[in-house]
Number of protein chains: 2
Amino acid sequence: MVKSMLNQQTALDLTFQALADPGRRAMLERLSRGPAAVSELAQPLTMSLPAVLQHLNVLETAGLVTSQKTGRIRTCQIAGSGLSAAQAWLADRRAEWEARFDRLETYLNGLQEEDRNGCV
Amino acid sequence: MVKSMLNQQTALDLTFQALADPGRRAMLERLSRGPAAVSELAQPLTMSLPAVLQHLNVLETAGLVTSQKTGRIRTCQIAGSGLSAAQAWLADRRAEWEARFDRLETYLNGLQEEDRNGCV
DNA sequence: AAAACACATAAGTCAACACTTAACTATTGC
DNA sequence: GCAATAGTTAAGTGTTGACTTATGTGTTTT
């Protein structure tokens, strides 16, 4: 369990790191609209093919993309599950923050109420 | 409009980059439970104070945290809006992916139907 | 006023990233 | 079989990132 927690933290590192690059995000955007070959992913990007391969590797290591090769063509697809860990982390933080925000609001409303009742 | 789009991409870069570090995520986790002073953020982390300040700077530049100084104490708080851009991007990708997945499923069901009807 | 506190800035180091070009390997089409 | 295609691997380079220590600046406390 301890190990899985550490792994999870590392997984989040890899995920957010992977998402931090605009080229990689562009690749993910393309893949979210359907599978694509490596050269298809490379086409809109202004970089060499080896560079694209390296980015692809980052995405695969992060579990955001899977690929398999048939013949001389490697077909890549997005891995929906990879995105959800990142999404969940963000949602958790927002939820906690908003809960705090709501409590603060309630507290302030309480103060206002006391004020109206002449309590100092 | 072009400029704002570029800025937004840069903003996502900064956001995901900021989220990629476990120390910074720890700081955000702490801040999602309420405001904190710099040394309070630093306390659980095994690094020097200047390092924490640098991380804090990254978080502020990414718009994930705000802070103001009163006296000799700088109080930091999470900026909920900063997280939402990242959340939105992830949600968009997932939505597109899931829509495609659903269409595929529908298509496969259609094939199965045809099969049952003896169509080849 | 002196000491302690809470942060801030500077400068330097070491590793990780994002590329590049060059050379190589397996398919596929002719 | 030979050439073109699609991807792969290796090695090198410049930049950025994550720290560090040393030193400096206001602000309280005593």
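Residue numbering restarts at 1 for every chain, and letters A, B, ... go by the order of the sequence lines. Note that this is a predicted model, so its numbers are computed, not measured.
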Given atom [atom1] of [X] and atom [atom2] of [N], what is their separation to the nearest angstrom?
X	N	atom1	atom2	answer
Asn57(A)	dC17(C)	CG	P	12 Å
Asp13(B)	dT16(D)	CG	C1'	13 Å
Lys69(B)	dC5(C)	NZ	P	16 Å
Met27(A)	dC19(C)	CE	C1'	14 Å
Ile73(B)	dA4(C)	CD1	C1'	13 Å
Gln68(A)	dA6(D)	CD	C1'	16 Å
Leu56(B)	dC19(D)	CG	P	14 Å
Asp21(B)	dA15(C)	CG	P	18 Å

Side-chain contact test, heavy atoms from C-beta onward, threshold under 4.5 Å: evaluate it for [X] versus [Y] and give yes or no.
X	Y	value
Glu40(B)	Arg30(B)	yes
Pro35(A)	Arg100(B)	yes
Leu90(B)	Leu19(A)	yes

- Message: At less than 4.0 Å, is any side-chain N or O atom of Ser39(B) found next to OP1 or OP2 of dC7(C)? Yes or no.
- Response: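 Yes, within the criterion.
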- OP1 or OP2 of dC19(C) sitting under 4.0 Å from any side-chain N/O of His55(A)?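 So the side chain of His55(A) is within the cut-off, an N or O lying under 4.0 Å from OP1 or OP2 of dC19(C).
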- Message: Quiz question: going by heavy-atom distance under 3.5 Å, is there a donor-acceptor pair between the base of dC5(C) and the side chain of Arg72(B)?
- Response: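 Indeed there is one.
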- Distance in Å, Leu28(B) CG paired with Glu96(A) CD, rounded so as to fall on 0.5 Å steps: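 The distance works out to 11.0 Å.
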- Query: Out of curiosity, Leu59(A) CG to Ile78(A) CD1, how far, rounded to the nearest 0.5 Å?
  - Reply: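 Leu59(A) CG to Ile78(A) CD1: 9.0 Å, rounded to 0.5 Å.
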- Query: With respect to the side chain of Arg74(A), which nucleotide from dG7(D), dG17(D), dA8(C) is positioned closest?
  - Reply: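 Nucleotide nearest to Arg74(A)'s side chain: dG7(D).
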- Task: Tell me which residues in residues 43-54 of chain A put a heavy atom below 4.0 Å from DNA chain C, sorted by number, or none.
- Result: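 Met47(A), Ser48(A), Pro50(A), Ala51(A), Gln54(A) - these, ordered by number, are the residues of the stretch whose heavy atoms sit under 4.0 Å from the strand.
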- Pick from Glu29(B), Gln54(B), Gln17(B), His55(B): which one makes a side chain to side chain donor-acceptor pair (under 3.5 Å) with Arg24(B)?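 Looking at Glu29(B), Gln54(B), Gln17(B), His55(B), the match for Arg24(B) under the side chain to side chain donor-acceptor pair (under 3.5 Å) is His55(B).
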- Query: Ignoring hydrogens and geometry, is there a side-chain-to-backbone donor-acceptor pair from Arg74(A) to Val38(A) under 3.5 Å?
  - Reply: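 No.
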